[in-house]
Visitor: 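For reference, the structure I am asking about is given below.
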Amino acid sequence: MEIKQIHTQLLINGLLNDPLLHGQFVASIALKHPNNLDYSTQVLHQCDNPTLFAFNSMIRAHSKSSNPRRSFVFYNRILQSNLSPHPDNYTFTFLVRTCAQLLDRETGQAVHSALTKHGFESDPHVQSGLIYMYAELGLLDCARKVFDDIPEPDLVTQTAMVTACVKSGDVGFARDLFDEMPQRDHIAWNAMIAGYAQCGQSRDALNLFHLMQLEGVEISEVSMVSVLSACSHLGALDQGRWAHAYIKRKKIPITVMLGTSLIDMYSKCGNMDKAMEVFWGMKDKNIYTWSSAMGGLAMNGFGWKCLELFNLMKQEGVWPNEVTFVSVLRGCSVVGLVEEGCKHFDSMRKEFGLEPMLEHYGCMVDLYGRVGRLNDALDFINKMPVKPHAGAWGALLNACKIYKNMELGELASKKIVELESNNHGAYVLLSNIYADSKNWDRVSNVRQTMKAKGVRKLPGCTVIEVNDEVHEFFVGDKSHPRYGEIEAKLEEISMRLKLLGYVANTNPVLFDIEEEEKEDALCKHSEKVAIAFGLISLKEGVPIRIVKNLRACWDCHAVTIMISEIYNREIIVRDRNRFHHFKDGDCSCKGYW
DNA sequence: TTAGGGTTAG
């Protein structure tokens, strides 16, 4: 029977005044129709004496809704009523959730006082809720205080505390707590692995996962989502493939979330074919799934495919959100579709009611910049309704480097430094612009300013995976056990490049101003070292996949194009921004990155 | 009849 019919029957027979039946009915409507809480509220009022259970059900439903603050309407009704007991442990468990949702510190602390006053401070459900709430509110000390006051914290509160530490950025302490736990179930393991994955300690996440396997702990979808996320960050395709095979072998169901993680992993490892294979194989998709696939296509340079997917998504009735539009605009940008990009940008507000965010403005500047419309890019920045952020100016600066526009480049870098005085990228790009026009005095000025302000260049680092092992090369680091062979290979590459007429830009000033610190020489940039290592350690015909922490340097880019031809090797580089697929002497970025 | 800890896209 339909709920409405039941409702009518209950009303006709006067049964809604039976407090027990009424409570049950309110709770079931609130659960079944979480998006229409007005209905359950209406039913709540159709009884003269609603039970505490009915009120609690309303607080619970609202704590998960888009308007959590309404929970307090029902809480106040409880306080005003003569119910006995007044609010109970259930009331506060739900109310604490509400506060976590609200991200309102004052309210959270007020609720904490109230539940203490009512004597529920020692309830373990309330305690774990409080730890979660304080972590959400960014009040780790308060979470810590709640935790430390528990004489014998159980598994759940301990796990909540581990997560709280991760959220506040103290993974080391989270791990200490985890190690000290007398017992750990699979949720505790998942919490710690997720913690490492979320704060970028991907290798630690993978190591802990392997330990979890060794200990024979149950491995679920949740564990695998974190494992895949760690592989995505590392760009570790072999490990990601292994994880996919493991999921199949263990028959872990590919839910929407797990499927989305697989798509993201393959995308960020540069294997878009495989990512799309997973995508098309998924029966259920949500907005994360679509946005992930679109973002992957854009990042890998398949702008048109990204837009096709966007159209398909709309045809299937899926409503885009802000993240989707970041992917759409990037898709337009990588193939230089300015008008199309503008159209989509306008549609955000007009068609979909979405307010563009800073990221979207940054994408638009990039869109104009890529095709060389620098003045339009500047115009766009000047007309932004919000204060332009460093990202918007950064997109312009990058375009100035490509199109060698010194004047605008100076302006953009000045603006960036005003906003972020330690933005090393801005200095590096500006000095590159000066160097391009052989303006060595200014190059030297920039370097002196950097020195004076103590702005340090981030050391370049490149990662390559060989035989399931991740090798990390820092610029100037010779510690790799096979460094001798790598050096010999680099010399061979250098010889073969020279035979083809390649002349490195040997101006020492230029060396020193590339994004990577000059340690040895231009030819020892971490990117080249990793490629040389790939050439000596991977079988012929196997693509070389590397991940860089910085934007590709110009010389490395030029050299990689040539290596792909000379050695007939596909080289896939993920830099800080996007992918470069090098093949047969060409790069998918077509010279713009 | 109600409750606590772990997972996805920028």
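Side-chain atoms are counted along with the backbone in the values below, which use heavy atoms only and exclude waters and symmetry mates.
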Visitor: Between A:K268 and B:dG10, is there a contact of a side-chain N or O with OP1 or OP2 at under 4.0 Å?
Guide: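 Result: yes.
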Visitor: Between B:dT7, B:dG4, B:dG6, which nucleotide gets closest to the side-chain atoms of A:Y132?
Guide: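 Nucleotide nearest to A:Y132's side chain: B:dG6.
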Visitor: Give the table of side-chain donor-acceptor pairs shorter than 3.5 Å for residues 324-331 of chain A, with sequence neighbours excluded, one pair per line with atom names and distance.
Guide:
{"unit_1": "A:T324", "atom_1": "OG1", "unit_2": "A:S291", "atom_2": "OG", "d": "3.2"}
{"unit_1": "A:T324", "atom_1": "OG1", "unit_2": "A:N321", "atom_2": "N", "d": "3.0"}
{"unit_1": "A:T324", "atom_1": "OG1", "unit_2": "A:N321", "atom_2": "O", "d": "3.3"}
{"unit_1": "A:T324", "atom_1": "OG1", "unit_2": "A:N321", "atom_2": "OD1", "d": "2.9"}
{"unit_1": "A:S327", "atom_1": "OG", "unit_2": "A:S291", "atom_2": "O", "d": "3.4"}
{"unit_1": "A:S327", "atom_1": "OG", "unit_2": "A:G295", "atom_2": "N", "d": "3.4"}

Visitor: Could you check whether the side chain of A:D264 and the base of B:dA9 have a donor-acceptor pair of N or O atoms closer than 3.5 Å, going by distance alone?
Guide: no
Visitor: Side chain of A:D154, heavy atoms from C-beta onward: which of B:dT1, B:dG4, B:dG6 has the nearest atom to it?
Guide: B:dG4
Visitor: Could you check which of B:dA3, B:dT1, B:dG10 has an atom nearest any side-chain atom of A:V326?
Guide: B:dG10
Visitor: If you only use heavy atoms from C-beta on, which nucleotide in B:dG6, B:dG4, B:dA3 is closest to the side chain of A:A194?
Guide: B:dG6
Visitor: Is it the case that the base of B:dG10 and the side chain of A:S291 share a donor-acceptor contact (distance under 3.5 Å, atom types as modelled)?
Guide: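 Absent.
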Visitor: Between B:dT2 atom P and A:D88 atom CG, what is the distance in whole Å?
Guide: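 After rounding, the gap between these two atoms is 12 Å.
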Visitor: Under 4.0 Å between a side-chain N/O of A:R60 and OP1 or OP2 of B:dA3, yes or no?
Guide: yes
Visitor: Just wondering, do A:H125 and B:dG4 stack (centres under 5.5 Å, planes under 30°)?
Guide: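 Base of B:dG4: not stacked against A:H125.
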Visitor: Please state whether the base of B:dA9 and the side chain of A:N321 form at least one donor-acceptor pair under 3.5 Å?
Guide: yes
Visitor: Which part of the nucleic acid, if any, lies within reach of A:E218 when heavy atoms closer than 4.0 Å are counted: base, sugar-phosphate only, or nothing?
Guide: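 Nothing, no heavy atom under 4.0 Å.
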Visitor: Salt bridge or not for A:E277 and A:K274, using N-O below 4.0 Å?
Guide: yes
Visitor: Quick one: A:L297 CG to B:dG10 C1', roughly how many Å, whole number?
Guide: 15 Å
Visitor: side-chain hydrogen bond (donor to acceptor under 3.5 Å, both in side chains) for A:H62 and A:N67? Distances and angles first, verdict last.
Guide: CA-CA 7 Å; A:H62 279 90; A:N67 186 7; over 6 Å; no
